[in-house]
Every structure is written in structure tokens, then in C-alpha cells.
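Data block below; observations after.
Residue numbers count from 1 along this sequence.
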Amino acid sequence: MRYYYPDYFNRFTCAGGLLCPDSCCHIWQITVDKKTLKKYDKIQGELGERMRKKIDRKTGNIEPHGEENRCEFLNEDNLCDIVLNLGEDYLCHTCHTHPRHEEVYYNVREQSLSITCPIACKELLMREEPVIIKTREDSKKDRHDRHFDAPLFNQLLYVRDGMLRLAQDRDIGIFRRMSLLLGMAHDIERRIRDRQARSRNSFINRFFPLYQEFTPGEEDEIKKIVSLYSNASAYNQMLPHIITEDVSVKQILTDMFFTLCTMEPLKNTWIPYIQSIINIRMQMGEEEYINCYEEFKEEITDIQLEQLLFYFIYLYCCSATYDRMLLAKIKMAVANTMIIRELWFMKWLEDDKMLTEDTQAWMAHWFVREIENSDENLEQWDSLMQRNPRFSLKLLIKILN
């Protein structure tokens with residue numbers, strides 16, 4: 001088994017209690033795994049009674065309470081009654097590992113530290129040095145899975161390495177890096193589709209899910225694309241081929257905010273807040289918007305946007321193994337980064353042109369939590385990148401230029 005993880009992964013410690021600005025023990029559904037449920041069956045006294053009453057024995061779901069769906073065992077001090085009474089060994093798998101996340105692929109585990117946690121988010125945003133992805137291996141092996149497209153996954157690992165290097169190339173402006181990443185994803189996805197069309201034309205592949213290897217020629221083309229877009233000069237070569245819409249950046253980003261209102265809100269204040277942002281933006285004139293943005297640009301750094309972009313590319317890129325939609329995954333990375341930047345801008349205006357580190361971490365973690373802590377929202381967000389014209393390649397390129 002091979003494990004990938006960022007260099008800061010093992011350094012995280014939970015603040016907990018009232019030191020944490022937004023507890024992870026509310027808003028989303030917490031499910032107890034079967035192994036831990038068996039341990040809870042043996043607990044006596046008042047705590048054991050609460051466990052048997054408030055945890056569904058069939059699903060393992062903990063019955064939440066209050067307007068913010070607080071976990072039954074999260075007390076008024078934002079501490080866990082299970083930990084206080086029994087110790088951390090009695091936490092379920094989700095609670096024990098969060099915000100650590102593990103994406104499962106065949107014989108590969110990709111670990112990350114989710115920035116849905118405001119503490120982890122702040123540490124990432126305040127980091128100056130580039131993140132390094134590390135690897136380790138052990139002797140564990142997954143059972144053979146003939147439904148897993150290993151040839152594509154291996155190519156995506158190679159592509160992601162190139163994308164992560166480009167995302168951290170500080171000799172290129174951050175917006176140009178994002179444009180180059182979109183161009184790279186677009187061209188590589190075409191090669192992935194060509195290989196898929198070749199596989200569908202195979203007689204045996206109509207009856208058995210056998211995934212053909214990429215031909216040497218296809219592999220060589222992918223390597224050339226990664227190399228081409230990793231060069232700053234590729235930006236000027238790319239732009240003449242991009243036809244942008246005659247629409248303002250303010251309007252493009254406002255339309256993106258509209259799509260957020262169509263998704264399931266986890267925090268009941270999320271959609272009202274987004275709607276208030278939309279109302280303010282619609283009242284702003286184009287010239288006022290541009291002038292304010294010029295002043296705001298000094299409040300954040302390219303490095304902060306780089307850390308976000310790197311995080312999202314690392315998280316999303318290889319998931320294209322399952323649907324072959326690489327461009328949608330990189331669109332998500334770019335759109336997320338730009339929306340967070342826009343949330344910072346609007347909060348800066350709201351707070352009389354002040355933007356603290358804590359505020360930056362709060363806004364970024366809130367947006368990511370609304371997207372990533374709901375499978376339904378994450379799937380819808382991915383689908384929007386694939387099909388909704390508000391997230392077209394030409395509009396994304398427009399806001400980056």
C-alpha cells in the first residue's frame with residue numbers, strides 16, 4: 001500500500017472546546033462505526049443510557065439536537081462527554097480522525113487535512129513555504145478490483161505531480177498559473193477521451209470492464225502537454241485560442257454565488273449570508289467594484305491563493321479516475337480559490353476594509369465546509385463544473401485575466 005500525505009499532516013492537534021471557533025461536532029451527520037457501537041453497548045450508567053437512546057442501532061447515526069444539529073455528546077463547553085468520561089479510545093472512527101481525511105484508491109491511500117476545520121485552514125493560509133507531498137509504503141494490499149481503472153489512475157498521478165509543481169511556480173503570477181492549469185486539464189482530458197473511445201471500440205471491452213493501457217504515443221502526448229503548460233510562455237500561446245465572453249468579472253462571480261444558493265445549506269445562516277452578498281454586489285456599480293478591488297488586492301498574497309489552489313488540486317485531481325472528467329476537477333480547484341478570494345473581498349468591505357487572519361480562515365473554512373461536508377453538495381458542485389455555463393472555461397479564463 002502506498003500513502004500520500006502533505007508534510008504538515010501529522011503535525012495537526014485539535015484545539016477543542018471553546019478554543020475552537022467552530023466545532024466539527026455539529027451541523028453535519030456523525031455516524032458511529034459498528035466496532036465502536038459494540039463498545040458502547042457495554043457502557044453503563046447515565047452515559048450508556050444516552051448512547052442507547054440517541055444512537056440509531058441500525059445506521060449508527062447520532063441523533064442531533066438544536067438549530068445547528070449539535071451532537072448529543074457535545075456539551076455547553078464544546079467538549080465531548082464521551083472523551084471526558086471514557087477517554088479518546090472510545091471515540092468513533094470519524095471523530096477520532098477528523099479533520100484528517102483518507103481517499104481510497106486501489107493499493108493507494110491519499111491522506112489530507114481538511115480545511116473544513118478552521119484551525120487547519122488558518123495554519124495552511126498563514127504558511128509561507130510550499131507544501132510538500134510525501135509518500136510511504138507498507139506491505140498491505142487491496143483485493144484485486146477489476147472495476148478500477150489503474151492505467152488512468154497512474155496517468156493522473158503523473159499529471160497531478162506536474163500540476164502541483166505548476167501551482168507552486170512562484171515565478172509565474174498566481175492567476176496565470178490557474179489559467180495554465182485549466183489549459184493543461186482541457187488538453188489532457190481530450191487524450192483521456194480518445195483512449196476511452198478506443199477502449200469502447202474493443203470487442204472484448206463490451207463484455208468485460210478491462211481498461212486498456214495508454215499507448216506509448218498517448219503517454220508521450222500527455223508528457224508533452226504537461227511540459228508545455230509548465231512553461232510561462234505557454235500562457236501567451238494559449239490566450240489567442242480562448243474566446244472570452246463580453247461580460248464583467250463582477251457579474252461572472254455574482255452568478256457563481258447564485259449557484260451556491262441552490263445547494264443544501266449545512267449552516268442555517270449560509271444562504272442568507274450569500275444572498276446578502278449578492279444584493280450588495282448588484283447595488284455596486286462596475287467602476288466602484290473595480291476601484292475597491294484595486295485597493296483590496298494588497299490585503300492578500302499570491303502565496304495564500306497558492307496554498308488553497310494546491311490543496312484543491314491535490315484533493316480532487318485523481319478522483320477523475322472514476323468519471324474521466326479531469327477538467328471539471330481543475331475547474332473546481334480554480335473556482336473554489338476564486339470564490340474564497342471573493343468572499344474575503346466582500347467581508348473586507350463589510351468590516352470597513354479590515355481583514356484579519358482569523359476572518360480569512362473563517363470564511364474559507366465556512367465555504368469549504370458547505371461544499372465538502374455534504375456528499376450531495378459535492379456531487380452537485382462537480383456536476384455544475386461539467387455542465388453549467390456559469391463555470392465554462394472561457395468565463396473562468398475571463399476572471400483570471
Side-chain angles (χ1 to χ4, degrees), residues 1-14 24 28-42 59-61 82-83 86-117 120 123-124 131-165 192 199 208-214 219 222 310-326 329 372-373 375 378-379 382:
M1 190 77 66
R2 190 187 317 132
Y3 299 84
Y4 293 87
Y5 57 98
D7 55 5
Y8 57 83
F9 181 77
N10 292 318
R11 296 202 297 266
F12 175 80
T13 54
C14 178
C24 59
W28 60 317
Q29 179 64 63
I30 299 173
T31 303
V32 180
D33 55 281
K34 292 181 179 180
K35 182 178 179 180
T36 306
L37 270 177
K38 291 180 180 179
K39 294 171 69 173
Y40 291 172
D41 287 339
K42 301 176 182 178
T59 64
N61 292 341
I82 294 176
V83 174
L86 304 172
E88 290 188 9
D89 290 343
Y90 278 81
L91 284 174
C92 65
H93 178 77
T94 298
C95 296
H96 185 73
T97 58
H98 189 78
R100 298 168 188 86
H101 174 74
E102 187 171 84
E103 198 67 32
V104 177
Y105 299 103
Y106 178 61
N107 283 334
V108 170
R109 301 291 184 267
E110 292 194 340
Q111 299 172 326
S112 59
L113 197 62
S114 176
I115 60 174
T116 56
C117 167
E123 289 178 357
L124 179 65
V131 174
I132 298 172
I133 300 300
K134 295 189 172 185
T135 61
R136 64 181 176 85
E137 297 192 24
D138 60 27
S139 59
K140 296 178 181 177
K141 293 284 185 183
D142 284 330
R143 294 178 61 183
H144 177 66
D145 182 2
R146 63 190 179 93
H147 296 283
F148 183 75
D149 193 345
L152 175 56
F153 179 71
N154 291 331
Q155 285 299 313
L156 288 172
L157 283 175
Y158 172 79
V159 169
R160 187 179 67 180
D161 284 346
M163 287 183 165
L164 293 178
R165 285 194 301 271
I192 292 172
S199 297
F208 300 98
L210 300 175
Y211 297 105
Q212 296 185 21
E213 297 289 341
F214 284 77
E219 290 183 355
I222 290 174
F310 186 96
Y311 169 85
F312 292 125
I313 291 174
Y314 170 70
L315 203 63
Y316 299 149
C317 182
C318 288
S319 64
T321 302
Y322 299 112
D323 62 7
R324 304 173 189 85
M325 298 293 183
L326 175 62
K329 306 304 179 284
E372 294 187 359
N373 275 11
D375 291 339
L378 192 56
E379 289 176 11
D382 192 353

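Q212 contributes atom CD, which lies 13.0 Å from atom CG of L152 (distance to the nearest 0.5 angstrom). Between I133 atom CD1 and F310 atom CZ the span is 4.0 Å, to the nearest 0.5 Å. Atom-to-atom distance recorded for N154:CG and C318:SG is 9.5 Å, nearest 0.5 angstrom. To the nearest 0.5 angstrom, D149 atom CG is 10.5 Å from Q155 atom CD. If you take CG on N10 and CG on L113, they are separated by 9.5 Å, rounding to the nearest 0.5 Å. Atom CD of E123 and atom CZ of F12 lie 6.5 Å apart (nearest 0.5 Å).
In terms of the salt bridge (charged side-chain N to carboxylate O under 4.0 Å, His left out) criterion, residue partners of R2 (sequence neighbours excluded) are, by chain and number, E137. Scanning for salt bridge (charged side-chain N to carboxylate O under 4.0 Å, His left out) contacts around D33 gives an empty result, with sequence neighbours left out. Contacts of F9 classified as ring pair (Phe, Tyr, Trp, His ring centres under 6.0 Å), with partners at least two apart in sequence or in another chain: none. Shown here are the salt bridge (charged side-chain N to carboxylate O under 4.0 Å, His left out) partners of D145, two or more places apart in sequence or in another chain: there are none. Looking at residues two or more places apart in sequence or on another chain, you find a side-chain hydrogen bond (donor to acceptor under 3.5 Å, both in side chains) between D382 and K329, Q386. Residues passing the side-chain hydrogen bond (donor to acceptor under 3.5 Å, both in side chains) test with Y8, sequence neighbours excluded: none. Partners of R165 under the side-chain hydrogen bond (donor to acceptor under 3.5 Å, both in side chains) rule, at least two apart in sequence or in another chain, do not exist in this structure. For the side-chain hydrogen bond (donor to acceptor under 3.5 Å, both in side chains) test, no residue two or more places apart in sequence or in another chain qualifies with T321. Under the rule for a ring pair (Phe, Tyr, Trp, His ring centres under 6.0 Å), Y4 has no partner lying at least two apart in sequence or in another chain. Under the side-chain contact (heavy atoms from CB on, under 4.5 Å) criterion, E372 pairs with S114, T116, Y311, F312, L315, Y316, V368, L378, sequence neighbours left out.
Ring orientation note: the planes of Y322 and Y105 are close to parallel, at an angle under 30° on the 30°/60° scale.
Remark: the D138 side chain and the Y3 side chain contain an N/O donor-acceptor pair separated by less than 3.5 Å.
Among residues at least two apart or in separate chains, there is no side chain to side chain donor-acceptor pair (under 3.5 Å) pair with a member in residues 87-97. Contacts classified as salt bridge (charged side-chain N to carboxylate O under 4.0 Å, His left out) and involving residues 99-111 (residues at least two apart or in different chains) are given here: R109-D142, E110-R160.
Among all heavy-atom pairs drawn from C92 and T31, the shortest one is SG-O, 4.0 Å. Residue Y314 comes nearest to S112 through the heavy atom pair CE2-CB, 3.9 Å, listed as atom of the first residue, atom of the second, then distance. Of all non-hydrogen atoms in L37 and G60, the two that sit nearest each other are CD1-CA, 4.0 Å. Scanning all heavy atoms of the two residues, the minimum distance from C95 to I30 falls at SG-CG2, 3.8 Å. Closest of all the heavy-atom pairs between L156 and A320 is CD1-C, 3.7 Å. Of all the heavy atoms in F214 and P151, the pair that sits closest is CE1-O, 3.7 Å.
L124 has its side chain within reach of V131: a pair of non-hydrogen atoms, C-beta onward, lies under 4.5 Å apart.
Other residues, nucleotides and ligands contribute over 12 non-hydrogen atoms within 6.0 Å of the NZ atom of K39.
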